[in-house]
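First comes the structure, then the notes that go with it.
Everything numeric here is computed off the predicted structure, so don't read it as measured data.
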Amino acid sequence: MEKFVGKHLRLLEKERETEIEETRCLTEKLPIKELQRRGICLPKLCIVGRRTGFYGRIVITFEMGRNQQELPSHKFTPGDIAGLSQSSGEQPEDIGSGIVTRASKTSVCIAFDDNQDLFLLSDDGPYKLQKLANDVTYKRLKKALRELQSLPPCPVSQLVGVLFGERELTPPYITKEITFVNQNLDDSQREAVRFALSQPEVAVIHGPPGTGKTTTVVEAITQAVKLGNKVLTCAPSNIAVDNLVERLARNKLKIVRLGHPARVLPHIQKYSLDAILANSEETKLVEDVRKDIDKAWSQMKKTRDKGEKHTLRGEMKFLRKELAQREQAATKEILKRADVVLATLTSASPEGPIKFLDANHFNLTVIDECSQAIEVACWIPLMRAPRCVLAGDHLQLPPTILSQEAAKDGLEVTLMERIIDLYHTKVIRMLTTQYRMHQLIMQWSSDQLYHSKLTAHPTVAGHLLGDMEGVNIEEEEASFPLLMIDTAGCDLNEMDTPEEISKGNEGEADIVSSHVERLITIGVKQQDIAVIAPYNLQVELLRLRIWPKFPDVEIKSVDGFQGREKEAVIITLVRSNRRGEVGFLSERRRINVAVTRARRHLAVICDSETVSHDEFLKSLVDYMASHGEVQTAQDYIDSGVFNNKSVRPEHLDDLLTLNSVSKSKGSGARPKSSVSKPKHSHSSDSRNSTTSAIGSSRDRRNRDNDKNICDEAMTEKKTEKYREILEKFVANADVNCMEFPPTLTSFERMLVHELAGKLSLTHVSKGEDKGRFIVVSKPGGQSVSVTTETSVQSTEVPVVIENTGHLDEIPSQKKEKQSDKLVCPHCNKDVIRANFSLHEIHCLRQQRDCSAKASEKSQKASSRKDQTKQQNGTKKLRPPSATAKIEKVDADDFDGLIAAAQKLDEVCGFKKCKVKVKTLGQNCEFCMRRFCLSHHIPEIHGCGEVAKAHARSTHIKEGVLYRSSTTKPAPPDPKRQAALHRKLDKKLSDLTSQRSKSGKKNNK
């Protein structure tokens, strides 16, 4: 024990220094604007309300202004510690710190303790709120270690000796037959409850994912209370404690929840100590005292007499002292009557309300989620009772530790791990029936980590997405629980960042986004889908792609999903590199947590070649290949998932500058036809099918790599390829029409159009988006009329060109011969039948333009209002010069039109200016053209009137004169204004007297 205390005091100091250094780097090295952008600082606030709330505490409401102006994006949440200081000055003065009770878009409410003198604060401020690190936890941990070191002989001494291996375990108690309150417990859960009640010192309940660990703990606490025990129940997080409170309240036990009310979930605040105190008979006697405090506060705010303020302040201190004495007496009485007292590990410190109870008050200490807390924190409640029950799973996520050095030296080793290593099966009982996952999702984790002891309950063993209401059972995704999408050989590498910086993989992020869209299309609700990534950078990439369309899909890191579950879970492993490096993915517990969050459907996106360098991850890849469905990323590439490159968000570069590996703690669906559905490659009993799929994918990728189309050699190669195909077509007298498939890229379609034009062939683009293809026919040949709804079929033998470039003949189809040309009813020109539809659309468009110009000239007076609206931005048109340049291109050539538009965007839009603006330029928000830095101002390139109208409307609506200006400044302080007037008058009088004296001297 002596070695343990000395070692952990040193490790805690390292952990504290690391946290202080990280906080200092943020607060000292970064300016306020950067802190504000990161969401940890809110400057320029004013006070809009004060009240006595949260059971006697002072609650102050802060806003950006008196008009409920919306706050900038921030990370303040209820329960956070916030520091208050003056916003002005080079070195702002610290005023105090409090707990965030409420945070909305327009205001933040902070609860301050009674001992902080906040009565004289001016409402106008300005004030600054900043998130703070909590040093109270470290003080309590160190105090617990010192108390453990100097522990006198007491009933807890036997437990301390057993936990350090210095004393032998006492034989189990002989317990009576138990009548279980929860009759739905399985055999392993009932055995764990009996074992926990019979152990004189320590019992460990090992609960793998989904086995009902919390249900078992609640039953053990209930049975202990029935035996007459007083129980202290703790957990490392407020959420875990609130979960226990909610479960125990159903069993009608007398429970009290310790902790700040702002950190307690709203629907269980009635069980908190502060709420019980507020509603107790003892506290009702001092309601008048609270009213007197609020009345004195109101009077002190109104009066300007310093003497009266001093008197009122003294009266308030006296009233608060009396209130505190009465509440202490009531607190002691409430805690004595409670059967179960619940708190976080550090809230069970003797410095809290527990100090009002006797040292031997509790008979049993229960610690839930023990494997997620450092051992020092567990010793705070352990020293309150002679027996303990530890519950958790040491094969899931470990406690969060900032200092990597402290973690390696032993701070990461939990009490539960150490006790299991010390006593093995003597003190542990494992739950073996899980109620969450499909049998196939569970089995890998059971085989690798739990010695194949887990079994799926019949109610969940075979459930799939297709069993859910509203899900299309005919879709393949609804009929299988496991899916692996392999990116090996597809050039979807991770982003090139240093090893110590967060990782991301944009290719995997695109695949995840496509699969999420697919699941929602078949009927899965957004709320039932979770996306898990091991890196913060990947989480940001996923949120950027998914949340704009599907905001209810939950996207978090592995750490943020501990204890959670979803019907469908998609995991992206990110790492894809030639070195085979997997980083902290080699941490078994992290992968175990990620995989076991899914209930009915688990999809894993990974590079099998990279992750298989780790034996544990290789076992996952082999299992998914043997028992699930397998796809390759090439299927998604062929279906066009990567056609549109994602834009990197501005704040993503900040994530790349982090100094450590990021581990965070934390719109209907499209029509079915619009979602790309890759073909499935069904797996066999071995990985041979996966290997062959990966090999064929790599070969196809190497044969037709569109990333290198700009390379000169590749361009010549493709040109020769399609020239040879077209020359064969011209030489073949039996074929009059040929189709090029939609799989051609835009660059390849451009080559086909150019070559067909040189050979005097008719070439037409048909279809839209991904279904777009080219039809080439000989002049005078027989072909059907072109439509945009049906596919083209020739009168003779059509030829379809596949991706490999070979010609495959299709059986001929007979059609009636049709005339080669038609007469346009609008311009009376002869047009080739294949081009007739496009020509007719072009003529109609020209007619509409002419009629619009004629009506504009005849109705100038009546159209001024419409022109003003157009100038204000309701209708944005390109300059006439741009339209003229585009009209020069053949209207039938869609690729040419696109190329012309892209070429216009590369050059400054100002007349006769040829400066390239592809790299350095600026878009005009009114005409939507791109200009160089010399012509980007609206008044220079011709949008001056539109810009003026827009500025006027903005000023009328928002009271803002121009973009970078702010609202009107607040009126000056009357007192300060009067003082300035007096000072000015004195200065004027002095100058007048000086002039009069000098005048007299001159007269003399």
Side-chain angles (χ1 to χ4, degrees), residues 209-210 239 243 246 265 267 434-442 456-457 459-485 508-533 538-572 593-605 628-629 631 636 639 641 664 666-678 680:
I239 293 295
N243 189 24
E246 194 172 6
L265 293 177
H267 65 280
Q434 68 89 15
Y435 300 85
R436 174 188 299 167
M437 296 163 276
H438 188 281
Q439 175 72 30
L440 291 178
I441 299 176
M442 174 208 71
H457 194 268
T459 57
V460 301
H463 65 179
L464 297 166
L465 290 178
D467 300 329
M468 299 173 61
E469 184 179 356
V471 177
N472 188 353
I473 60 176
E474 296 180 358
E475 298 293 342
E476 294 182 352
E477 286 81 358
S479 61
F480 53 78
L482 295 175
L483 168 65
M484 183 176 74
I485 303 174
E508 288 192 10
D510 288 331
I511 294 175
V512 171
S513 177
S514 176
H515 191 59
V516 168
E517 188 172 354
R518 177 64 188 162
L519 291 178
I520 293 174
T521 302
I522 69 174
V524 183
K525 296 179 181 178
Q526 295 184 38
Q527 296 85 348
D528 293 331
I529 301 175
V531 180
I532 301 178
Q538 186 73 351
V539 171
E540 292 295 329
L541 291 172
L542 290 166
R543 289 174 177 174
L544 180 71
R545 287 160 170 77
I546 297 174
W547 275 0
K549 293 177 64 177
F550 309 115
D552 294 331
V553 174
E554 196 164 0
I555 305 172
K556 288 185 178 179
S557 65
V558 181
D559 302 61
F561 262 99
Q562 173 77 5
R564 306 284 307 285
E565 61 182 52
K566 289 285 185 178
E567 301 295 339
V569 172
I570 305 171
I571 304 172
T572 165
V593 169
V595 170
T596 56
R597 301 306 99 193
R599 288 175 51 82
R600 302 170 187 264
H601 178 81
L602 172 67
V604 178
I605 294 92
E629 300 294 319
Q631 296 176 8
Y636 287 81
S639 62
V641 170
S664 68
S667 179
R670 285 186 178 181
K672 181 179 177 181
S673 61
S674 66
V675 180
S676 302
K677 179 182 176 183
H680 293 276

Sole candidate of Ile522, Thr521, Ile520 that passes side chain to side chain contact (heavy atoms under 4.5 Å, CB included) when paired with Val524: Ile522

For the student: nearest non-hydrogen atoms of Ala530 and Lys566, plus distance: CB-CG, 3.4 Å

Any Leu542 side-chain heavy atom under 4.5 Å of Ser513 side chain: no

Side chain to side chain contact (heavy atoms under 4.5 Å, CB included) between Val460 and Arg436, worked out: CA-CA 6 Å; Val460 301; Arg436 174 188 299 167; over 6 Å; no

Heavy-atom side-chain proximity of Asp528 to Met468 below 4.5 angstrom: yes

Side-chain heavy-atom pair His438, Leu464 within 4.5 angstrom cut-off: yes

Any Leu541 side-chain heavy atom under 4.5 Å of Glu508 side chain: no

Flag, side chain of Glu475 to backbone of Glu477, donor-acceptor distance under 3.5 Å: no

Side chain proximity check, Ile441 to Val569, heavy atoms < 4.5 angstrom: no

Contacts of type side-chain hydrogen bond (donor to acceptor under 3.5 Å, both in side chains), residue Gln439, not counting sequence neighbours: Gln443

Side-chain ion pair, Glu567 and Lys525, N-O less than 4.0 Å: no

Within-4.5 Å side-chain heavy-atom neighbours: Pro209 and Arg597: yes

Results of salt bridge (charged side-chain N to carboxylate O under 4.0 Å, His left out) for Glu246 - residues two or more places apart only: none

Closest approach of Arg599 to Tyr435 (non-hydrogen atoms, all atoms of both residues): NH1-O, 3.9 Å

Under 3.5 Å: donor-acceptor pair, side chain of Lys556, backbone of Val539: no

Gap between atom CD1 of Ile605 and atom CD1 of Ile570 - 0.5 Å precision: 6.0 Å

Ring geometry between His601 and Phe480 (parallel below 30°, tilted from 30 to 60°, perpendicular above 60°): tilted

